[in-house]
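Values in this document were obtained by computation on a predicted structure and should not be read as measured data. Just so it is clear: chains get the letters A, B, ... in the order the sequence lines come, proteins before strands, and each one is counted from 1.
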Amino acid sequence: MTLQPERIRAVVSAIPPGAVATYGQVAALAGYPRHARHVGRVLARAGGDGLPWHRVVGAGGRIALPARSPAAREQVRRLRAEGVVVTAGRVDLARCRWQPGLDELLWGPGFATSGD
DNA sequence: TCAATGACGTATC
DNA sequence: CGATACGCCATTG
């Protein structure tokens, strides 16, 4: 196998509630830079393995799924339920973007960096 | 093996 | 901001 879905799943499942990450971000964190599409493929295949797939959005916080699709609505619903602000099919990355690393180690997940 | 596709991303118009 | 184009690469027919 050339790709390890396991890696993708690990990253996605590591996203804390109330935070979101982009496909590219997840891919990069998983060790597959520029493999953003494969993240989507893995999620599509997961489809309910208990992965917080709804915490994964497109570039700029855009919902990657068709707004009419039930999945998209479900995603928005879940995000809002976690306190994520979703407007016009978009997530406020400035507040909800998952920033793993030292920050997370020091402040812990859920710590919303005011970015601005 | 080739061609088409996809829960993407960036650049350009 | 919407439409297009191109890059990316595993998967599928």
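The heavy-atom pair separating Trp98(A) from Ala19(A) by the smallest distance is CB-CB, 4.0 Å. Taking both residues in full, the closest heavy atoms of Tyr23(A) and Leu43(A) are given as CE2-CD1, 3.9 Å, listed atom of the first, atom of the second, then distance. In plain terms, the two heavy atoms of Leu29(A) and Pro100(A) that are nearest each other are CD1-CG, 3.7 Å.
Counting 5' to 3', DNA chain B first comes under 4.0 angstrom of a heavy atom of chain A and last does so at the ends given by dG6(B) to dT10(B).
Residues from residues 68-81 of chain A with heavy atoms under 4.0 angstrom of DNA chain B: there are none. Near DNA chain C, meaning a heavy atom under 4.0 Å from it, residues 22-38 of chain A has His35(A), Arg37(A), His38(A) in order of number.
Under the side chain to side chain contact (heavy atoms under 4.5 Å, CB included) criterion, Arg37(A) pairs with no residue, sequence neighbours left out. In terms of the side chain to side chain contact (heavy atoms under 4.5 Å, CB included) criterion, Arg34(A) has no residue partners (sequence neighbours excluded).
The line from CZ of Arg73(A) to CG of Leu65(A) is 12.5 Å long, rounded to the nearest 0.5 Å. We find the CZ-NE2 distance between Arg41(A) and His35(A) to be 13.0 Å, quoted to the nearest 0.5 Å.
Between Val12(A) and Val42(A), every side-chain heavy-atom pair lies at or beyond the 4.5 Å cut-off.
More than 12 heavy-atom neighbours from other residues, nucleotides or ligands sit within 6.0 angstrom of CD on Glu74(A).
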Exercise answer: donor-acceptor pairs, residues 75-92 of chain A side-chain atoms, under 3.5 Å, sequence neighbours excluded:
unit_1	atom_1	unit_2	atom_2	d
Gln75(A)	NE2	His54(A)	O	3.0
Gln75(A)	NE2	Val56(A)	O	2.9
Arg78(A)	NH1	His54(A)	ND1	3.1
Arg80(A)	NH2	Val86(A)	O	3.0
Glu82(A)	OE1	Gly18(A)	N	3.1
Glu82(A)	OE1	Arg55(A)	NE	3.1
Glu82(A)	OE2	His54(A)	NE2	3.0
Glu82(A)	OE2	Arg55(A)	NE	3.3
Glu82(A)	OE2	Arg55(A)	NH2	2.7
Asp92(A)	OD1	Ala94(A)	N	3.3
Asp92(A)	OD2	Arg95(A)	NE	3.4

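Here the C1' atom of nucleotide dA10(C) and the CZ atom of Arg7(A) are 18 Å apart, to the nearest Å.
Across all strands, Ala59(A) comes closer than 4.0 Å only to sugar-phosphate atoms, never to a base (heavy-atom distances).
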